[in-house]
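Okay, so here's the structure we're looking at.
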Amino acid sequence: MSHPLFLRGGNIVTMDATSPRAEAMLVRDGRIVEVGRNDEIAGDLPSGTETVDLEGRCVIPGLIDAHAHMEREGLKDIRISLADARSLDDVLSRVAAAAAVTPKGEWIVTMPVGTAPYYLDGALALVEGRLPNRWELDDVAPDHAVYIMAPFGTWSRVPTHAALNSLALERAGILEGARARCDGVEIVCDSDGVPSGIIIERNERPSLEFDLLKSLPGFTWHQRFEAIQRSMRVYNDAGTTSVYEGHGSYAMSVGLYRQLWEERKLSVRVSLTISPTWSNTDEARRIMRDWLGFARGRGLGDEWLRVSGVYIGFGGNACILELMRESLPDTGWAGFVEWCNDEEQYAALVSLAAEFDLRVHTVILEDLGRVLPIFERLAERYPIARRRWVMEHVGQLAPSDYQRVRRLGLIITTIPVYQLWKNGDEYFNAPNEGNEVAAHKSLLETGITVAIGTDNIPVSLFKAMAVTRQRREHVTGRCIGPDQRLDGMAALRTCTIEAARLSFEEDLKGSLTPGKLADFSILPCDPTTVDERTLETLKPDATVVDGRFVYRA
């Protein structure tokens, strides 16, 4: 049991419309007891109360990441970092050092070349402008299989590049004339047709490790278990106290979080949806009817771990789906199962989900307008508007569709850094100056719930908030949709009280009011009023979850 906390002398942003600002707050037994003025609360403190003098610092509700992929963050520590490599010699010396301490015959696997976390520069981060080839890697690690991974597609931008040495190529069966099963993967060869060790991946949903590199050791259960604990610390350090994994979680991921919950090791509250493995609608009906009862409605769980609903993808790559199914239970970096559904298949699956009261979650990108008629037909038979189906990664949407989305009760999530900052150039020619792209302001004004996520790149929601305010593409600085820029309070709202609705927990978290969970961050400045440049690099002084400090600078 944590000691009561009394915070005084601060600028508390409550996100409560009836009382938006306060200077003091009392916390006891993991809940907020009082919020108000210093003199209103200080007179009757419980025995053993720890007093925190804020000295004018800002307190905000704990941030809720609407699209986190949190488990990936800790996995990055397992592979050797090349983040500071600036030449081929830097890369090769790192590989040589690993070879000196790694038993002969084993794999040496590194993270990508380039500047983390985006790796947008890739091999251009090296003065030579290229990755080492097989023969250069052989010189420093002849007795090991070496693999320099390409960035995961959504981290960076395609094409991405990987490098392997001769032993790795041999184990993978990448010999003269070899080809990948999926389109979009190129085995680079020299003038004699001999593979050089460089492989180019043009699929944003990467297939290389599931296809040509099946012999590569996957992440083990123990590695994933330890990685999630590292991930939680990183997210806490960034002020995040809850994550929502609507993209879907495979059975192993659910099991990992369940074990952490059982052992009371969670420091981030987690809401998961199921990533299914059915292969046709008949199998989907049986699974939804017989096995997913626990995920119906609002699902099962408590304020630490909750499982509800099902992920049903729209579109997708059939080859990558087949490769991943063959690789299960290993899901690589994803943590979920790939999908491939055309419009007819998607309609059949979401109809089954509606029948069995399973919330639908879909990464929809530019296609929300295409599926709205499907939902509207289902709404004539089922109470979809009360079930809060979630449409994720929403890009362009016609203003004429906003009221349709509101009537259906859909929740919209976006990834501002991915859609506007990193890939904003794709919308340079979008109609209406890009004001229909990730239209946060218009959607909120229509009465639609809008939440933002990080997609794990980077983990900071402060960066994502800054992008919703400036909406600038990272190369040119061009603003995508100037009319959709949010003010500071609206930006904070998208990852607090709005995001709490994703898990039906707006009465539990998302604002700092009496009776709610004591999840909050202490900041050196007010994120609703600072300039965007300060906001995007903002770091908390402390993060509190359930009334306990989980991070202190």
Side-chain angles (χ1 to χ4, degrees), residues 2 4-5 7 12-22 25-35 58-68 70 232 235-246 257 260-261 264 266-273 298-309 359 388 390 411 413 449-454 459-462 464-465 489-523 527-528 540 542-551:
S2 59
L5 284 175
L7 290 79
I12 299 175
V13 182
T14 67
M15 302 307 295
D16 176 12
T18 62
S19 183
R21 300 275 175 169
M25 182 167 67
L26 177 63
V27 170
R28 182 170 55 198
D29 298 333
R31 298 277 179 155
I32 297 168
V33 179
E34 293 183 70
V35 180
C58 186
V59 177
I60 63 169
L63 300 179
I64 303 169
D65 193 332
H67 195 109
M70 183 173 68
M232 288 190 295
Y235 278 72
N236 286 153
D237 293 359
T240 299
T241 59
S242 294
V243 297
Y244 193 82
E245 306 289 11
Y257 280 113
L260 288 164
W261 172 78
R264 299 187 178 184
L266 291 174
S267 65
V268 175
R269 304 185 192 276
V270 181
S271 293
L272 306 175
T273 61
R298 300 187 180 191
L300 288 180
D302 59 14
E303 65 260 21
W304 281 107
L305 176 62
R306 181 164 295 276
V307 181
S308 71
R359 299 177 69 201
R388 301 187 187 180
V390 182
I411 293 179
T413 74
T449 297
V450 179
I452 63 173
T454 65
V459 302
S460 173
L461 277 164
F462 295 112
M465 280 189 274
M489 285 297 290
L492 182 58
R493 185 175 181 85
T494 61
C495 46
T496 53
I497 193 64
E498 291 281 311
R501 290 179 58 80
L502 284 162
S503 53
F504 294 91
E505 291 181 300
E506 62 269 27
D507 293 332
L508 272 180
K509 59 189 181 184
S511 64
L512 301 176
T513 56
K516 286 197 172 183
L517 297 169
D519 299 351
F520 54 89
S521 283
I522 301 172
L523 308 176
T528 69
T543 303
V544 173
V545 180
D546 206 44
R548 298 178 177 86
F549 283 94
V550 294
Y551 167 72

* For Y235, all residues meeting ring-ring contact (aromatic ring centres under 6.0 Å, His included), sequence neighbours excluded -> none

* When you measure from the side chain of T494 to the backbone N and O of I452, does any donor-acceptor pair fall under 3.5 Å? -> no

* Asked: Just wondering, do V13 and R21 contact through their side chains at under 4.5 Å, heavy atoms?
  -> yes

* Asked: With sequence neighbours excluded, what pairs up with R28 under the salt bridge (charged side-chain N to carboxylate O under 4.0 Å, His left out) test?
  -> none

* **Member of M15, M465, M489 meeting the side-chain contact (heavy atoms from CB on, under 4.5 Å) criterion with T528** => M489

* Could you tell me whether the side chain of V243 reaches within less than 4.5 Å of the side chain of R269, counting heavy atoms only? => no

* To do: Check whether any side-chain heavy atom of K509 sits under 4.5 Å from a side-chain heavy atom of T241, and report yes or no.
  => no

* Report the C-alpha separation of L492 and L63 in whole Å, then their side-chain angles, then the decisive distance to 0.1 Å, and conclude whether the side-chain contact (heavy atoms from CB on, under 4.5 Å) test is met. => CA-CA 8 Å; L492 182 58; L63 300 179; 3.9 Å; yes

* To do: For residues F462 and L523, determine if any side-chain heavy atom of one lies less than 4.5 Å from a side-chain heavy atom of the other.
  => yes

* Asked: Just how far is it from atom OH of Y551 to atom OG of S267, taken to the nearest 0.5 Å?
  -> 13.5 Å

* If we ignore angles and hydrogens, is there a donor and acceptor under 3.5 Å between the side chains of T240 and D65? -> no

* **Backbone of R359 reached by a side-chain donor or acceptor of R388 within 3.5 Å** => no

* **Close side-chain approach of I32 to F520, heavy-atom, < 4.5 Å** => no

* Does E498 reach the main-chain N or O of V450 with its side chain, forming a donor-acceptor pair under 3.5 Å? -> yes

* Tell me, which pairs form a side-chain hydrogen bond (donor to acceptor under 3.5 Å, both in side chains) where one or both residues lie in residues 298-309, sequence neighbours left out? -> W261-D302

* To do: Supply the atom-to-atom distance L305 CG to L266 CG, rounded to the nearest 0.5 angstrom.
  => 6.5 Å

* Donor-acceptor contact present, side-chain T14 to main-chain D16, <3.5 Å -> yes

* Answer whether the closest heavy-atom distance between the side chains of L461 and T454 falls below 4.5 Å. => yes

